[in-house]
Amino acid sequence: RLTRLRRGLFAPGAVPLDWTHPSTYAPFLAQSPAGSVVSHESSGRVAGLWLPSPEDARVQLTTADRPLPSDRSVRRHRAVLPPDDVVLRGGIPFTSVERTAIDLALGRPLRQALVALDSASRVLALGEAARTPAGRELLASTAGRRLEEAARQRLGAAVARAAGRT
């Protein structure tokens, strides 16, 4: 049994159509250039970030090569990502939480940029627990509280790296 993800793209029935689950993005990567990674809002969903509104519902991928023409369900970005900016989640390549926050913050109004960066700080402070239902509840309860210094430092270092590349 196959599940239709979009016109011409199908996944085995066992693949959960849960956009917060890493394996949902595997069929999209299979039709993309080698080295492509899930990024931006798509990576943010899986990482448990609060996403700025309005959220882009398309699958977002980043590749170092010239992106292929986009279809309506995929938005492609072009960037050379250092190894530190890519993590595997369920065997699928995603941008790191730090890189995802920067990608979400760039080009957005200040309030939306701050939401992305604050959310990433909280996810980094909680670690893997942020991806569980209990962790998401704890994440929501931390709104307005001071963040751990280590999370601020990690995010600050990522911002400094990104600023050096622009």
**Q** Please give me the minimum heavy-atom distance between Ser23 and Pro27, naming the atom from each residue.
**A**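 Closest heavy-atom pair between Ser23 and Pro27: O-CD, 3.7 Å.
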**Q** How long is the straight-line distance from CD of Glu98 back to CG of Asp103, given to the nearest 0.5 Å?
**A** 11.5 Å
**Q** Is there a chain of hydrophobic side chains (I, L, V, M, F, W, Y, each step under 4.5 Å between heavy atoms) that links Val97 to Leu51?
**A** yes
**Q** Under the ring pair (Phe, Tyr, Trp, His ring centres under 6.0 Å) rule, what pairs show up with a residue in residues 98-119, not counting sequence neighbours?
**A** none
**Q** Any ring pair (Phe, Tyr, Trp, His ring centres under 6.0 Å) pairs touching residues 84-122, not counting sequence neighbours?
**A** Tyr25-Phe94
**Q** List in chain and number order the residues that pass side chain to side chain contact (heavy atoms under 4.5 Å, CB included) with Ala64, two or more places apart in sequence or in another chain; answer none if no residue qualifies.
**A**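 With neighbours one apart ignored, the set is Val80.
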**Q** Say whether, by atom type as modelled, one donor and one acceptor occur between the side chain of Ser119 and the main chain of Trp50 under 3.5 angstrom.
**A**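 Yes, the answer is positive, given that a donor and an acceptor are paired below the 3.5 Å cut-off.
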**Q** To the nearest 0.5 Å, what is the distance between CZ on Arg108 and CG on Leu117?
**A**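 Output value for this atom pair is 11.0 Å.
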**Q** Can you name the nearest heavy-atom pair linking Thr100 to Gly44, along with the distance?
**A**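 Looking at all heavy atoms of both residues, the closest pair is CG2-N, 3.6 Å.
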**Q** Determine, stepwise, if the pair Leu104 / Glu41 fulfils side chain to side chain contact (heavy atoms under 4.5 Å, CB included).
**A** CA-CA 7 Å; Leu104 291 173; Glu41 281 91 343; 3.7 Å; yes
**Q** Say you draw a straight line from CZ of Arg76 to OG of Ser39; how long is it, rounded to the nearest 0.5 Å?
**A** 10.5 Å
**Q** State, to 0.1 Å, how close Ala113 and Ala105 come at their nearest heavy-atom pair, and which atoms those are.
**A**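 Minimum heavy-atom contact is CB-O, 3.6 Å.
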**Q** For a 4.5 angstrom cut-off between non-hydrogen side-chain atoms, does Thr62 reach His40?
**A** yes
**Q** Got a second to check how far Thr63's OG1 is from Leu81's CG, nearest 0.5 Å?
**A**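 Going from OG1 on Thr63 over to CG on Leu81, the span is 9.0 Å.
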**Q** Is any side-chain heavy atom of Ser43 less than 4.5 Å from a side-chain heavy atom of Arg89?
**A** yes
**Q** So, Ser42 and Arg75: side-chain donor and acceptor under 3.5 Å apart, yes or no?
**A**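 No, Arg75 and Ser42 have no side-chain donor paired with an acceptor closer than 3.5 Å.
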**Q** Same cluster for Leu124 and Leu49 if Ile/Leu/Val/Met/Phe/Trp/Tyr side chains link at under 4.5 Å?
**A** yes
**Q** Which heavy atom in Arg58 sits nearest to a heavy atom in Arg45, and how many Å separate them?
**A**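 Closest heavy-atom pair between Arg58 and Arg45: O-NH2, 4.3 Å.
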**Q** For Ala47 and Val123, which heavy atoms make the closest approach, and how far apart are they?
**A** O-CG1, 3.7 Å
**Q** Taking the side chain as every heavy atom from C-beta outward, state whether Leu29 and Pro93 have any pair of such atoms under 4.5 Å apart.
**A** yes
**Q** Return yes if some donor-acceptor pair links the side-chain N/O of Thr24 with the main-chain N/O of Thr20 below 3.5 Å, else return no.
**A** no
**Q** Is there a side-chain contact between Val38 and Val46, using heavy atoms and a 4.5 Å cut-off?
**A**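 When only atoms from C-beta onward are counted, Val46 and Val38 do not touch, as no gap falls below 4.5 Å.
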